[in-house]
Amino acid sequence: MASSTAQLKALIFDVDGTLAETERDGHRPAFNQAFVDAGLDWQWSEALYGDLLEISGGKERILAYIQQSQPNFVLPSGFSNLTEFIKHLHATKTTYYKQYAAAGKIPLRPGVKRLLAEARAKGVRLAIATTTTPANVQALLENTLGADSLSWFDVIAAGDMVPKKKPAPDIFEYALAHLKLPPENCLGFEDTNNGLLSATQTGLKTIVTVNDYTRQQDFAKATLVISDFGEPNQPFQVIAGNAHGARYFDIALAEALLA
Ligand code: XBP
């Protein structure tokens with residue numbers, strides 16, 4: 001009897017923590033360098049940054065930090081309001097992030113390049129749904145996958161393109177709308193509980209690859225939780241869910257998970 005399994009047509013990737021360890025290698029150092037440039041004595045330690053990651057979006061994260069931890073903050077001269085100052089500070093941070101990417105300081109996580117290549121070879125479409133600034137995505141992709149790699153993705157949904165950031169579903173809804181595909185034909189990839197909530201609210205089955213910032217989070221809604229995508233000579237660890245005997249994440253496993 002023929003089974004009515006959904007066909008895999010697209011993979012929708014988060015960026016930060018999923019494609020690369022950007023929070024560790026890029027964002028946190030870039031925030032701290034921007035604070036130095038602005039003459040601020042703020043320094044976000046790894047532990048503090050882990051807490052701040054609960055807030056999606058760099059500008060939103062700076063605002064929350066000021067409200068929670070800098071009660072005596074005085075707006076520097078030359079700025080008419082806090083929003084304007086945060087925008088300026090965040091633009092400096094983005095400049096540093098791009099520099100780190102260009103210097104090769106933000107490598108891709110295991111298996112990412114292989115999985116993207118296999119998807120393209122097999123006609124499975126690619127998309128991105130991320131909270132980060134579009135310029136960061138561009139810098140990361142161009143410097144790790146080559147100048148033409150932006151064109152591999154049918155849609156790069158990023159940053160302020162939607163009003164509400166993760167855990168709201170808006171950014172994954174935006175990506176699905178541009179793919180013109182129902183969630184049943186796609187898989188989402190995330191590394192955080194906030195991202196998982198965002199993706200699964202759209203109906204997407206979602207795979208989580210954990211990292212040091214996120215491995216203790218609640219991933220009960222995930223279809224599969226693994227250490228990373230793995231490589232043939234560097235298998236992933238299965239943390240939760242059924243990996244169908246696979247040792248690394250490939251399109252055959254993606255199809256098995258969607259079925
Ligand atoms: C990542 C974010 C971003 C980055 C910083 O979330 O929340 O804010 O930490 O980037 P996700 P910006 O993994 O869900 O994409 O400073 O450009 O916002």
Side-chain angles (χ1 to χ4, degrees), residues 11-35 37-38 42 44 46 48-66 83 85-101 105-106 108-109 112 127-141 153 155-175 188-202 204 206-215 217 219 221-222 228:
L11 307 179
I12 309 179
F13 291 91
D14 167 53
V15 173
D16 296 303
T18 301
L19 296 186
E21 301 273 20
T22 55
E23 302 294 2
R24 183 193 67 192
D25 300 336
H27 293 300
R28 188 178 74 89
F31 279 114
N32 282 332
Q33 193 56 54
F35 300 154
D37 283 16
W42 309 345
W44 288 356
E46 281 205 21
L48 171 62
Y49 195 65
D51 295 338
L52 289 169
L53 280 174
E54 285 300 317
I55 300 132
S56 293
K59 296 188 288 294
E60 293 82 352
R61 195 168 299 145
I62 295 170
L63 176 62
Y65 171 75
I66 293 172
T83 306
F85 172 68
I86 290 175
K87 215 172 153 188
H88 169 81
L89 197 55
H90 188 255
T92 307
K93 178 253 165 184
T94 300
T95 300
Y96 280 113
Y97 180 98
K98 290 192 291 184
Q99 280 177 16
Y100 300 156
K105 291 183 177 170
I106 318 179
L108 295 176
R109 295 192 68 191
V112 169
I128 277 175
T130 177
T131 295
T132 202
T133 305
N136 295 341
V137 184
Q138 181 174 351
L140 179 72
L141 294 179
F153 295 85
V155 50
I156 296 182
D160 298 328
M161 287 177 190
V162 293
K164 286 200 227 113
K165 292 187 173 160
K166 300 173 188 176
D170 303 29
I171 201 76
F172 277 95
E173 280 170 356
Y174 184 102
F189 296 88
E190 269 292 349
D191 72 308
T192 65
N193 175 255
N194 272 344
L196 179 63
L197 290 174
S198 173
T200 52
Q201 282 177 86
T202 69
L204 273 174
T206 304
I207 286 74
V208 169
T209 53
V210 299
N211 57 57
D212 286 346
Y213 280 123
T214 69
R215 74 180 73 243
Q217 295 180 358
F219 295 125
K221 289 184 194 298
D228 51 72

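Atoms within each ligand, like the ligands themselves, are counted from 1 in listed order.
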Among all the protein's non-hydrogen atoms, which is closest to atom 10 (O) of ligand 1, and how far away is it? Thr132 OG1, 2.8 Å
Show, in sequence, the C-alpha distance, side-chain angles and deciding distance for Lys59 and Asp160, and conclude whether the side-chain contact (heavy atoms from CB on, under 4.5 Å) test is met. CA-CA 10 Å; Lys59 296 188 288 294; Asp160 298 328; 2.9 Å; yes
Closer than 4.0 angstrom: is that true for some heavy atom of Thr192 and an atom of ligand 1? no
For Thr130, the atoms of ligand 1 under 4.0 Å from one of its heavy atoms are 15 (O)
By number and element, which atoms of ligand 1 are closer than 4.0 Å to a non-hydrogen atom of Thr133? 12 (P), 17 (O)
Residue-ligand contact Gly17/ligand 1, heavy atom below 4.0 Å: no
Near Gly58, which atoms of ligand 1 are under 4.0 Å from a heavy atom of that residue? 8 (O), 12 (P), 16 (O), 18 (O)
Can a salt bridge be assigned to the pair Glu23 and Arg28 using a cut-off of 4.0 Å between side-chain N and carboxylate O? no
Gly57-ligand 1 polar pair, N/O distance under 3.5 Å: yes
With side chain to side chain donor-acceptor pair (under 3.5 Å) as the test, pick out the partner of Lys93 among Gln33, His27, His88. His27
Is Lys165 paired with Asp170 through a side-chain N to carboxylate O contact shorter than 4.0 Å? no
Strictly under 4.0 Å, does any heavy atom of Asp14 approach an atom of ligand 1? yes
Separation of Thr206 OG1 from Phe219 CZ (nearest 0.5 Å): 11.5 Å
Tell me the protein heavy atom at minimum distance from atom 4 (C) of ligand 1, and give that distance in Å. Glu23 OE2, 3.5 Å
Rounded to the nearest 0.5 Å, what's the gap from OG1 on Thr130 to CD1 on Ile156? Could you check? 10.0 Å
Have a look at His90, Glu190, Arg28 and point out the one with the heavy atom closest to atom 12 (P) of ligand 1. His90
Which protein heavy atom lies closest to atom 6 (O) of ligand 1, and at what distance to 0.1 Å? Thr131 CB, 3.4 Å
Atom 1 (C) of ligand 1 has as its nearest protein heavy atom Asp16 OD2, 3.1 Å
Rounded distance (nearest 0.5 Å) linking atom NZ of Lys166 with atom CZ of Phe172: 4.5 Å
Using distance alone, determine whether Lys59 and ligand 1 share an N or O pair under 3.5 Å. no
When you look for heavy atoms under 4.0 Å from ligand 1, do you find them on the side chain of Asn136, its backbone, both, or neither? side chain
Interatomic spacing from CD1 in Ile12 to OG1 in Thr18 - rounded to 0.5 Å: 13.0 Å
Value for OH (Tyr65) from CD1 (Ile62), rounded to nearest 0.5 Å, stands at 10.5 Å
Who gets closest to atom 2 (C) of ligand 1 by heavy atom: Lys165, Arg61, Lys166, His27? Arg61
Verify whether the ring centers belonging to Trp42 and Phe31 lie closer than 6.0 Å. no
